[in-house]
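So you know, we letter chains A, B, ... as the sequences are listed, proteins then strands, and number each from 1. Heavy atoms only: backbone and side chains are in, while hydrogens, waters and symmetry mates are out.
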Amino acid sequence: MFNYLSELNEKQKEAVLHRDGPLIIIAGAGSGKTKVLTTRIAHLMKQGVDPFRILALTFTNKAAAEMKERIDKILGNNEARNLYIGTFHSVFARILRIEAEKLGYPSNFTIYDSDDSRSVIKSLVQNNNLDDKLYKPNLVQSRISAAKNSLITPYDYLNDKHIQMEDARANRPYLGQLYASYVEKCFRNGAMDFDDLLVKMYELLTRHPDVLSKYQHRFQYVLIDEYQDTNMAQYKIVKLLSAMHENICVVGDDAQSIYSFRGATIENILRFQDDYPDAQMVKLEQNYRCTQNIIGVANAVINNNKKQIPKDLWTGNDTGEKIKLVRTLTDNDEGRYIADAIQEQKLRNHYQNKDFAILYRTNAQSRSFEESLRRLNIPYRIFGGLSFYQRKEIRDYVAYLRFVVNPNDEEAFKRIINFPARGIGKTSLDKILTLANQSEHSLWTIVQNPAAAGIGGAARAAIEQFVVMMQYMQSMLASRNAYEIAFEIGKRSQLVAEFYNDKSVEGQARYENVQALLNSIKEYTETPNEDGELEANKSLGAYLQQITLLTDADNDNDGNQDVVKLMTIHAAKGLEFPCVFAVGLEENIFPSAMSVYDREGLEEERRLFYVVITRAKEKLWVSFAHNRYRFGNLVSNEPSRFIEEIPETYLDKSFAGVAGARGSLNNWSDTGSRQSFNRSTAGPGGRSGFSRSAGAPEEKKNTTFSRGVAPAAGSGYVHRPTATFRPASPESLAEGMKVEHQKFGFGTISRIDGGQSNRMATIHFDNVGEKKIMLQYAKLSIIQ
DNA sequence: ATTACTATTCTTTTT
DNA sequence: GAATAGTAAT
């Protein structure tokens, strides 16, 4: 073991050596936060503190895993596995699993992810005959989630005058009732959603003093990472857990608080010293990550925020290059420009692919970068988006597993009862669900007796068969591990056969995914318990409870591959890259259109900008496009107001991205119908600065354009359009014309009908037969 | 009852 | 333009 203390600066050492009592560490970006946290824990253990009595909570599994690994490295004895380190959600899930019965839950409770809970909400809205235009599932869900994160129970909600007035004014008076039925429904299903893992934990601690006392005594030291992102529920739980010893250490940076939409409140960090008047505060202000120019920009930008803890982030690193401002005409040009820039940097400065990250505000922005990177054969990987476990085939399989473990899980039941098809239709399903919801009996009781629900004939026989299968699977629970049960259920339910028999390309992909799932379960059961899990337990129930809490970002085994990384800024928090492209710096995107109405929202967007700037170690590009496709049509946005907040002295504006733009401008003018764009060609290069008015002035916003179809030497497309492919406007098409479709190939228009906005053509294609096509969206090129 | 087509909404950000 | 929900068609 090396002398870990000698690697620390004075402030870091102070934070590590502080032994007892509350401690708040304000850790600026790149100031060695994780190092301090891990060294502190290692030091405590070195001083003889029992690892079983140290609780450390993070927001991502990845952060937790990294901490464990680094502590192990310092100590070099494998003791770190005994630490209670994990995300809020996973640690609480583990405790709740042990204590579930005290709350009336089965210890094998199901964890609902957002899709599950949205589905529950949808059926509640339907069953109560509420208007789903008014009670949009997403809205209801976020409203319920917000209530839970503030520890407002359905009872509180219904009795709060202010909330009730608010809902009434929005013409949604039944939100409170919906909330109440949702909670009841989840309880009956034996399920907790993500928020429940916090809410129920709070309930557990407040309603059961003996349990509270047990964990209070147990956790002698409590450490919280990313404290600025905690919400009310997390705050209260942490406070309860640490109340006995008051050895609470929180680490955070108010400037990087970017999760208020999830209920996080920056107040938690701002008021820590009010809660603990004798708390010691340590500020880590030396940045080891970035160049001076990058820190300069970051500081200048964040200074526009009013609400913050004063601090002075500085670095002893080199000055570095200026920040490169890139403007392009369209989102496709932006993609092209950045792919070119990566190529150039690799050649000139010997960077590897993995040294680059493209960071955007919304997931939807990834498309143009994927296309341009693929065109240059630059390997990349997108982080975020839908994870492996969100694929349909995986959800279906997992639903079977869930139902075996918890046969009251209605969401799982609905997924599997007729998949693979076994002749149980909507009518039978409705009968079962109605009875289960109206009677006192559980879903599983009803299913076991289909006759009582008024189901006869073939459907009844099918259900009885289903029940026998499930009962058999349940009988395996006690004696078999997760993999054995999963394998057996796939076989008996015909699920695996269903996927195997689908010989289409997508079908084979689904089959492979299912095999991958089975492999991962096998791996889970065969891996010895090194993750600090207390019960040496490889049961199916234990497996299910952990996978719901996994996200795509945790799937890190190939994280060191040499690929360019694409992700949202949120997902990039805590990471660093030599070269960063902060893209889409446009009004309505970044800052997001929904956040510019109040100071709070705007300041959070600015913190997000601060986060993306400080991800860069050496080089930073900031880019924006004047025109961009959104919802399938072209809109123009002004450059983000944040660009103006970057001091001129740090900016290099010579990267106009004109080269990329010129090529596509030629393509546009070829079609002859795009004159309005030619006007804007005068913009780049011609004008001096980046005044707001520089954009293409008044092009029509709803015209249909072809989207980035590269006419020349395009490669890598599945159905490749010919070199002469030129999309025509809907009006110019007529019956009898020979046309080319981007996907379907050549054909003849046999009919056109519909009005201006919904013109539709019936086209007979040479290869794929007759299709009806909405002209507004189609890409059709006239041949004759 | 399953498939195929049409209409509608969607874009913040995630455990 | 994509994903989804709803509806028409075999």
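A side-chain donor-acceptor contact under 3.5 Å links A:Asn189 and A:Tyr112.
The OH-P distance, from A:Tyr360 to B:dT14, rounds to 10 Å in whole Å. Taking atom CD of residue A:Glu586 and atom C1' of nucleotide B:dT11, one finds them 14 Å apart after rounding to whole Å. Atom NZ of A:Lys573 is separated from atom P of B:dT14 by 11 Å (rounded to the nearest Å). One atom, CD1 of A:Ile144, and another, P of B:dT15, lie 21 Å apart when rounded to the nearest Å. Rounded to a whole Å, the CG atom of A:Leu198 is 18 Å from the P atom of B:dT14. For A:Arg118 and B:dT14, the CZ to C1' distance is 12 Å, given to the nearest whole Å. If you take NE2 of A:His570 and P of B:dT14, they are 7 Å apart, rounded to a whole angstrom. The nearest whole Å value for the distance from the CD atom in A:Glu600 to the P atom in B:dT13 is 21 Å.
When the side-chain nitrogen and oxygen atoms of A:Asn418 are compared with OP1 and OP2 of B:dA1, none of them lie within a distance under 4.0 Å. Proximity of A:Lys136 to the phosphate of B:dC10: a side-chain N or O atom is located under 4.0 Å from OP1 or OP2. Taking 4.0 angstrom as the limit, A:Asn363 places none of its side-chain polar atoms (N or O) nearer than this to OP1 or OP2 of B:dT11. Not one side-chain nitrogen or oxygen of A:Ser592 sits closer than 4.0 Å to the OP1 or OP2 atom of B:dT13.
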Output a table of donor-acceptor pairs, distance under 3.5 Å, between side-chain atoms of residues 124-131 of chain A and any protein atom two or more places apart or on a different chain; print 'none' if there are none.
unit_1	atom_1	unit_2	atom_2	d
A:Asn127	ND2	A:Ser123	O	3.2
A:Asn128	ND2	A:Leu124	O	2.8
A:Asp131	OD1	A:Lys133	N	2.8

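Candidate nucleotides B:dT13, B:dT15, B:dT9 were compared by shortest atom distance to the side chain of A:Thr87, and B:dT15 ranks first.
No donor-acceptor pair closer than 3.5 Å links the side chain of A:Asn138 to the backbone N or O of A:Arg118.
Within 4.0 Å (heavy atoms only), A:Ser114 reaches at least one base atom of the nucleic acid. Nucleic acid contact class of A:Phe261 (heavy atoms, under 4.0 Å, all strands): base. Residue A:Asp195 is classed as having no contact, given no heavy-atom separation below 4.0 Å to the nucleic acid. Residue-level contact check: A:Phe88 touches neither bases nor backbone, having no heavy atom under 4.0 Å from any strand. As judged by a 4.0 angstrom heavy-atom cut-off over every strand, A:Ala421 is placed among residues touching the sugar-phosphate backbone only.
Using bins of under 30°, 30° to 60° and over 60° for the plane-to-plane angle, the ring pair A:Phe92/A:Phe88 lands in the perpendicular bin.
For A:Tyr360 and A:His570, the gap between ring centers reaches or exceeds 6.0 Å.
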Tabulate atom names and distances for all N/O pairs under 3.5 angstrom spanning the protein and nucleotides 4-6 of chain C.
unit_1	atom_1	unit_2	atom_2	d
C:dA5	OP1	A:Lys122	NZ	2.6

Begin from the C-alpha positions of A:Leu204 and A:Ile95 and carry the test side chain to side chain contact (heavy atoms under 4.5 Å, CB included) through to its verdict. CA-CA 10 Å; A:Leu204 179 71; A:Ile95 293 178; 4.3 Å; yes
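Heavy-atom distances to DNA chain B give each of A:Asn138 and A:Arg262 a nearest nucleotide, and the one nearer the 5′ end belongs to A:Asn138.
For the pair A:Arg367/A:Asn332, a side-chain contact is recorded, criterion being any heavy-atom separation below 4.5 Å from C-beta on.
Judged as a side chain to side chain donor-acceptor pair (under 3.5 Å), and not counting sequence neighbours, the contacts of A:Ser260 are A:Glu604.
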